[in-house]
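Note sheet for the following structure.
A note on names: the letters A, B, ... follow the listed sequences, proteins ahead of strands, and every chain is numbered from 1. Keep in mind that what you see is a predicted model, and the values were worked out from it rather than measured.
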There are 2 protein chains.
Amino acid sequence: MADTDDNLAIERADRPSSQRKIAKILAAARAEFFGNGFSASSIEAIAARAGVSKVTIYSWFKTKENLFAEMVKGECAHLSQNFVAENLESKGVREVLIDTAENMLDFLTRDERVRFDRILAAEVSRDPRVGKYFLDNGPRALLQNLATLLQSAMDQGKMQSSDPIASAEMFVGLVKGHLDLLLRYGETINLTASQRRERAARAVDAWMLIHQK
Amino acid sequence: MADTDDNLAIERADRPSSQRKIAKILAAARAEFFGNGFSASSIEAIAARAGVSKVTIYSWFKTKENLFAEMVKGECAHLSQNFVAENLESKGVREVLIDTAENMLDFLTRDERVRFDRILAAEVSRDPRVGKYFLDNGPRALLQNLATLLQSAMDQGKMQSSDPIASAEMFVGLVKGHLDLLLRYGETINLTASQRRERAARAVDAWMLIHQK
DNA sequence: TTTTAATTGAACGTAACCGTTCATTTTTAT
DNA sequence: ATAAAAATGAACGGTTACGTTCAATTAAAA
C-alpha cells in the first residue's frame with residue numbers, strides 16, 4: 001500500500017481469456033443473427049452458443065444493437081477483399097478483367113455472402129450506420145479499384161472512357177446481371193468453373209467492346 | 001323451418017364490411033411489416049392500426065406467417081408492371097429501349113420498392129415461398145418481356161444476339177449497375193428526369209453497341 | 001500471495017406478444 | 001323480423017426476452 005499505489009484506473013480489458021470469450025461471443029452472434037435476423041435472435045441463445053454467461057455479453061457489449069453492429073464490423077472486414085487482379089502488364093487487359101469478374105462471381109454466389117446481404121439490408125432501416133459502413137468498405141472500394149484498373153488500361157492506350165466510375169459501374173452491372181437478385185430471393189445457383197469463366201468472359205468482352213478505342 | 005331450411009353451410013365471407021376490414025388489415029400489415037420487419041411487428045399493433053379487433057385478424061388469417069404471405073402476394077400484384085414500352089414500329093428500337101430503361105430506373109428508385117426489397121429478402125430464409133412468388137411475378141416476367149422485345153428487334157434485322165435471355169440480363173445489369181445496392185443499404189438517390197434519361201441512354205447505347213449487326 | 005478484475009449462475013422485475021376462449025354486440029342477408 | 005355470421009373487448013395462460021442485480025467463484029496481474 002505504499003509504493004505501487006498510484007495505478008488506480010487499471011483497465012485489463014485485454015486479458016487473453018477475455019479476448020477469447022469476446023471472439024466466441026462474436027462468432028455465436030454471427031451464427032444467430034445470420035440464422036434468424038436481429039429481432040428473432042436472443043442474447044440468451046447467443047450466450048448459450050458461445051458457452052458464456054449472459055452477463056458477460058452485457059459487460060462487453062452494452063446492448064443487443066451494439067453487439068450486432070460489432071458483428072457487422074468484423075464481418076465487413078472479413079468479407080472485404082480486393083477482387084481486382086494484378087499483373088496488368090504481364091497478363092494483358094482481357095485476362096486481368098476476366099480474373100476479376102470471376103472473383104466477383106465467386107464472391108457473389110457464396111452462401112455466406114447471400115445470408116449476410118439479407119440480414120444486413122433488413123437492419124439498415126433500424127440502424128443506418130451499418131449500411132453505410134458496409135458500402136464504404138465493400139462496393140465503394142471495389143468500384144474505386146476497378147476505376148483505377150480501367151485508368152491503367154487507358155494509360156496503355158488500349159481503351160477509352162469519358163467517365164471511369166460510370167464505366168466501372170457498367171462492369172459491375174454486366175458481371176452481376178440479376179444473379180444477385182435470384183440469389184437473394186432464394187434461388188440456388190451453383191456455377192461450375194467453366195460456367196463462371198464463360199459468364200465472366202461474356203461480360204468482359206461486352207465491356208471491352210463498349211470501351212474499345 | 002320448412003322451406004328455406006336446406007342452406008346449412010352458409011359462407012358469407014364476402015360481405016362488404018368484411019372485405020373492407022380485410023383490406024384495412026392488409027394495409028396495416030403492410031405498414032407494420034415494412035416498418036419493422038416480420039419478427040418485430042406484432043399482430044396487436046397491426047390490429048390497432050387497422051382499427052380492428054385482434055380476433056378478427058386471427059379469424060381471417062390463421063397465423064402471423066399467413067398474414068405476411070398474403071400481404072406479400074398483394075404487394076407483388078401491385079408492384080408488378082410491364083416496364084417494356086410498346087410501339088416498336090412507330091418509335092424505333094432505341095427510343096423504346098430508353099423508355100423501358102427509364103421505367104426500370106423509376107421503379108428501382110421508388111422508396112416503396114426499396115423497403116419491400118429489404119423486408120422480403122430478409123424473410124426468404126424463414127419462408128422460401130415468398131421469394132419464389134416474387135421472382136416469378138417480378139424479375140422473371142420482366143426478363144421474358146425484354147427478351148421478346150429483343151427478338152422483335154432482331155426480326156426487324158436491326159440487332160443480333162445468340163442468346164436473347166442472356167442479352168436481356170445484360171440489359172438489366174447495365175441499367176441497374178449497382179444502384180440497387182446503394183439504395184438497399186440506405187443511400188438516398190434522387191435522379192432528376194434528365195439524369196434518369198441520361199443514364200438510361202448510356203445503358204441503351206452500350207447495349208446496342210454490343211448487339212449491333 | 002495478494003489484490004484486482006472478470007465471470008458466473010440464479011434470480012428478479014418488467015414488458016411484449018402469440019394465439020385462444022367466451023359472452024356480448026353489431027351487421028347483414030332473407 | 002329473424003336467424004346466421006361477423007366483430008368486439010376483455011381476459012387468460014404460456015412463453016420469451018431484455019437488461020439488471022448480487023453474492024460467490026475463477027482467473028490473472030503485481
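His178(A) is linked by a ring-ring contact (aromatic ring centres under 6.0 Å, His included) to nothing, counting only residues two or more places apart in sequence or in another chain. For Arg110(A), the salt bridge (charged side-chain N to carboxylate O under 4.0 Å, His left out) criterion is met by Glu112(A), not counting sequence neighbours. By the salt bridge (charged side-chain N to carboxylate O under 4.0 Å, His left out) test, Asp163(B) is found to be paired with no residue, residues two or more places apart in sequence or in another chain being considered. Remark: Arg184(B) engages Asp117(A), Asp117(B) in a salt bridge (charged side-chain N to carboxylate O under 4.0 Å, His left out) (not counting sequence neighbours). With sequence neighbours left out, Phe38(B) forms a ring-ring contact (aromatic ring centres under 6.0 Å, His included) with Phe33(B), Phe68(B).
Residue pairs meeting the ring pair (Phe, Tyr, Trp, His ring centres under 6.0 Å) criterion with at least one partner in residues 118-152 of chain B, sequence neighbours excluded, are Tyr185(A)-Phe134(B), Phe116(B)-Phe134(B). Applying the side-chain hydrogen bond (donor to acceptor under 3.5 Å, both in side chains) rule to pairs touching residues 137-146 of chain B yields Glu187(A)-Arg140(B), Asn82(B)-Asn145(B), Asp136(B)-Arg140(B), sequence neighbours excluded.
We find that CD of Gln19(A) is positioned 12 Å from P of dA6(C), with the value rounded to whole Å. For the pair Leu67(B) CG and dC17(C) P, the interatomic distance rounds to 15 Å; values are reported in whole Å. Per the geometry, CZ belonging to Arg20(A) stands 16 Å off C1' belonging to dT8(C), to the nearest Å. Spacing between atom CZ of Phe61(B) and atom P of dC18(C) amounts to 15 Å, rounded to whole angstrom units. The NZ atom of Lys24(A) sits 11 Å away from the P atom of dT8(C) (whole-angstrom rounding). In this structure, NZ of Lys21(A) is placed 9 Å from C1' of dA27(D), rounded to the nearest angstrom.
A sub-4.0 Å separation between OP1 or OP2 of dA6(C) and a side-chain N or O of Trp60(A) is absent.
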> In the 5'-to-3' direction, what one-character label does each nucleotide of nucleotides 12-26 of chain D receive under the scheme B = base within less than 4.0 Å of a protein heavy atom, S = sugar-phosphate only, - = no such atom?
Replying inline: -----SSBBB-----
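Comparing the local axis fitted to the first five base pairs of the helix from dT1(C)-dA30(D) to dT30(C)-dA1(D) with the one fitted to its last five gives a bend of 30°, rounded to 10°.
The only option from Leu97(B), Ile98(B), Asp99(B) that meets the side chain to side chain contact (heavy atoms under 4.5 Å, CB included) definition with Lys91(B) turns out to be Asp99(B).
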